[in-house]
Amino acid sequence: MTEHTEHFDAIVIGGGAAGLSAALMLGRSRRRTLVVDSGLPRNRFAAHMHGVLGHEGIDPAELIRKGREELAAYDVGIRPGRVARLDETEDGVSVLLEDGERLNGRVAIVATGVTDELPDIPGLAERWGATVLHCPYCHGWEVRDQRIGVLTTSPLGMHHAHLIRQWSDDVVVFTAGLGPLEEADEQRLLSRGITLVTSPVTEVLGEGDQVTAVRTKDGLTTEVGAIFTAGTLRPHDDFLTHLGLDRADSPVGSFLAVDATGKTSSDRIWAVGNVSNPMANVPISMSAGTMAGSVVNMTLVTDDFDRAAAGPAAVDFWQERYAGSDRIWSGKVNTVLGDIAAGLEPGTALDLGSGEGADVIWLAQQGWRATGIDISENAATRGREAARAAGLNEDQARFVVSDLSSPADLDGSYDLVTASFFHSPVELPRTDILRRAADLVSLGGHLLVTSHAAAPPWADAAAHEHRFLDAKEELAELGLPEESWETVVLEHRNRPVTSPSGEEATLEDSVVLLRRR
Ligand SMILES: Cc1cc2nc3c(=O)[nH]c(=O)nc-3n(C[C@H](O)[C@H](O)[C@H](O)COP(=O)(O)OP(=O)(O)OC[C@H]3O[C@@H](n4cnc5c(N)ncnc54)[C@H](O)[C@@H]3O)c2cc1C
């Protein structure tokens, strides 16, 4: 488990032909890119790769090795691991690895490929990629003119039966997988000298990885030198099904729907190679990755210009808010923080959105070494002045100014990270910031998020653009892995207040306190 969340321009999930090609374009575009790869490319069963111009007959592992070596020249990292979950955030994507590490990026390219689920026939799977084959364009030439068996597994096997005849005039089709054959279809196969065996295949016989014959249910064996068959294709996309991205049905199953650049129905997620295109071989996967890599770069270029042109709206808003001379907040510690921190052993604390610094000052007075972080220089100045007035030094109460968009500004390790009413009427990537801040909590430390569960009773709730989350929704939004985080408090607390018009009212706070295991 790493202590810090890392931030990338692009996270490429899957480091096969498609993923590495996308990463190459991004690296060469000076994009900080990470490839997360579990290292099991689909063609790993084959010793030789064909149909890839310039690489004819090489070991497929060699292409991956070379690709990785080439990427080392750029700002591209390759991390072994499996992605367990991909989420969209306010300003990009968040990727959770199986080992609990979380990574954030502006964009994700999914290039995780497929698994070929083979029929459960003894002797078949162990020869996959050697003499049990799926694609004649990849391996047909190598077994040309031999006696080739076509083991059909579905009506789609008829396509294979026709195709393979191009590579040999001695083809045996095991037809049980096709279902009942129409007379015309049977005659069509027979017309080109194809032998038909109707009894279901029960075993594939051979020596080492060489197929020699096929045994059928009727007890007969048929000699063959190679077998072509199609497994069921299972795209590796479980980690994003909860996003409900558009899918497209194909004759071989349902796959992520993408446009010509590989973009899915999410503006932040591309899917390339076999995971979205069951027909793709290595060169097609490489070209899809190349296309997505360059389009993703252009998307980020556009974002960069949009942001620059729009100006720092959130900074301006909060600077303005703290610009006057009047104190905005009460100067007292937030009630929930006061209650909860009183029960914790003082250590180091980080307060997100520290405003005028009351929480930081209170924590420092209880013996914590407290840091406040706020987007507004005016707020931080007020915090520093109030801390000095309370007799606290910089080691006890420190204030940092940051819009929290840069990972460098959200660094360190804290026993307590707290965010009280961390809402902004001007857009800030709140969840993303909270998740990154969670990574700064030391093992055994706490994350406390206190928020408005509902609009104040005197306010027009419909006029609020802010989405008020109840405690459970807040927890779900944080999306922190249960194996790493224990939920200590998950509740609502009512707080008596005086409304702006002087009436007594009650505010409902949602409280989420988590302990890092
Ligand atoms: C036996 C066999 C032989 C083949 N021979 C040829 C050939 O000769 N020529 C040819 O052009 N094509 C061949 N192919 C097809 C070729 O394998 C595919 O077209 C190609 O591998 C697709 O590339 P890809 O990048 O989409 O997926 P892959 O190459 O399968 O790469 C996907 C990568 O993503 C990783 N991954 C999966 N899930 C996750 C996750 N959750 N988190 C992180 N990483 C993940 C995998 O471990 C893998 O490293 C062959 C296929 C088979 C089955």
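Both backbone and side-chain heavy atoms feed into the values below; hydrogens, waters and symmetry mates do not. Since this is a predicted model, take the numbers as computed values, not measurements. Counting starts at 1 for both ligands and their atoms, following the listed order.
For R247 (side chain) and S254 (main-chain N/O), a donor-acceptor pair under 3.5 Å exists by modelled atom type. Side-chain N or O atoms of S250 include one that pairs as donor or acceptor with a backbone N or O of V252 at under 3.5 Å. S199 places a side-chain N or O within donor-acceptor distance of the main-chain N or O of K217, the cut-off being under 3.5 Å.
Residue-to-ligand polar distances place A280 within reach of ligand 1: an N/O pair is separated by less than 3.5 Å. Considering both main-chain and side-chain atoms, V282 comes within under 3.5 Å of ligand 1 through a nitrogen or oxygen pair. Checked by distance only, ligand 1 and V272 stay at 3.5 Å or farther apart across all their nitrogen or oxygen atoms. Checked against a 3.5 angstrom limit, the closest N/O atoms of I13 and ligand 1 fall outside it.
Nearest protein heavy-atom neighbour of atom 40 (C) of ligand 1: V83 N, 3.6 Å. Nearest to atom 49 (O) of ligand 1 among the protein's heavy atoms is D37 OD1, 2.7 Å. Ranking protein heavy atoms by distance to atom 9 (N) of ligand 1, first place goes to H50 O, 2.8 Å. Protein heavy atom closest to atom 17 (O) of ligand 1, with residue, atom name and distance, is N43 CB, 3.1 Å. For atom 39 (C) of ligand 1, the nearest non-hydrogen atom of the protein is T112 CG2, 3.4 Å. Regarding atom 44 (N) of ligand 1, its nearest protein heavy-atom neighbour is S38 N, 3.1 Å. For atom 20 (C) of ligand 1, the closest non-hydrogen atom of the protein is N274 OD1, 3.9 Å. For atom 51 (C) of ligand 1, the closest non-hydrogen atom of the protein is H134 CE1, 3.3 Å.
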Give the C-alpha distance, both sets of side-chain angles, the deciding distance and a yes or no for salt bridge (charged side-chain N to carboxylate O under 4.0 Å, His left out) between D59 and R44. CA-CA 9 Å; D59 181 344; R44 65 190 179 281; over 6 Å; no

Between W270 and V258, does a side chain to side chain contact (heavy atoms under 4.5 Å, CB included) hold up when you go through it step by step? CA-CA 7 Å; W270 274 250; V258 294; over 6 Å; no

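At a heavy-atom cutoff of 4.0 Å, ligand 1 is contacted by the side chain of S285 but not by its backbone. By the criterion of a heavy-atom distance under 4.0 Å, neither the backbone nor the side chain of L133 is placed next to ligand 1. If you look at R42 next to ligand 1, the close heavy atoms, those under 4.0 Å, come from the backbone and the side chain alike. Of the heavy atoms in Y137, none comes closer than 4.0 Å to ligand 1.
Salt-bridge formation is not detected for the pair D170/R144: no Lys NZ or Arg NE/NH1/NH2 atom is positioned less than 4.0 Å from an Asp or Glu carboxylate oxygen. Residues D99 and R79 are not paired through a salt bridge, judged by the lack of any N-O separation under 4.0 Å between the basic side chain and the carboxylate. A salt bridge is defined here as a Lys NZ or Arg NE, NH1 or NH2 lying under 4.0 Å from an Asp or Glu carboxylate O, and D209 with R127 fails to meet this definition. Salt bridge annotation for R268-D303: present, with a cationic side-chain nitrogen under 4.0 angstrom from a carboxylate oxygen. The pair R65-E62 counts as a salt bridge, with a side-chain nitrogen and a carboxylate oxygen less than 4.0 angstrom apart.
Among H139, M49, E98, H48, the residue whose heavy atom lies closest to atom 5 (N) of ligand 1 is H139. Evaluated by nearest non-hydrogen atom to atom 29 (O) of ligand 1, the leading choice among P283, P41, A22, A130 is P41.
Residue G16 has at least one heavy-atom neighbour below 4.0 Å for each of these atoms of ligand 1: 25 (O), 29 (O), 31 (O), 33 (C). Remark: ligand 1 atoms within the under-4.0 Å shell around heavy atoms of A18 are 25 (O), 26 (O). Listed by number with element, the atoms of ligand 1 under 4.0 angstrom from any heavy atom of F239 are 41 (N). For ligand 1, the atoms closer than 4.0 angstrom to any heavy atom of G39 are 47 (O), 49 (O). Proximity to D116 (heavy-atom distance under 4.0 Å) selects the following atoms of ligand 1: 53 (C). Using a 4.0 Å cut-off to heavy atoms of G129, the atoms of ligand 1 that qualify are 1 (C). Proximity to V36 (heavy-atom distance under 4.0 Å) selects the following atoms of ligand 1: 43 (C), 44 (N). Taking a cut-off of under 4.0 Å to the non-hydrogen atoms of A111, the atoms of ligand 1 that pass are 32 (C), 33 (C), 34 (O).
In this structure, G81 has a heavy atom closer than 4.0 Å to ligand 1.
Side chains of T89 and R430: no donor on one and acceptor on the other come within 3.5 Å. Judged by distance alone, the side chains of E474 and S451 do bring a donor and an acceptor atom under 3.5 Å apart.
Between atom CD of residue E477 and atom CD of residue E473 there is a gap of 8.5 Å, rounded to the nearest 0.5 Å. Annotation: the span from L448 atom CG to L514 atom CG amounts to 9.0 Å, rounded to 0.5 Å.
Listed by first then second residue, pairs satisfying side chain to side chain donor-acceptor pair (under 3.5 Å) with a partner in residues 282-298 read R31-N297, not counting sequence neighbours.
Of the listed residues (V224, I227, T131, I148), just one forms a side-chain contact (heavy atoms from CB on, under 4.5 Å) with V143, and that residue is I148.
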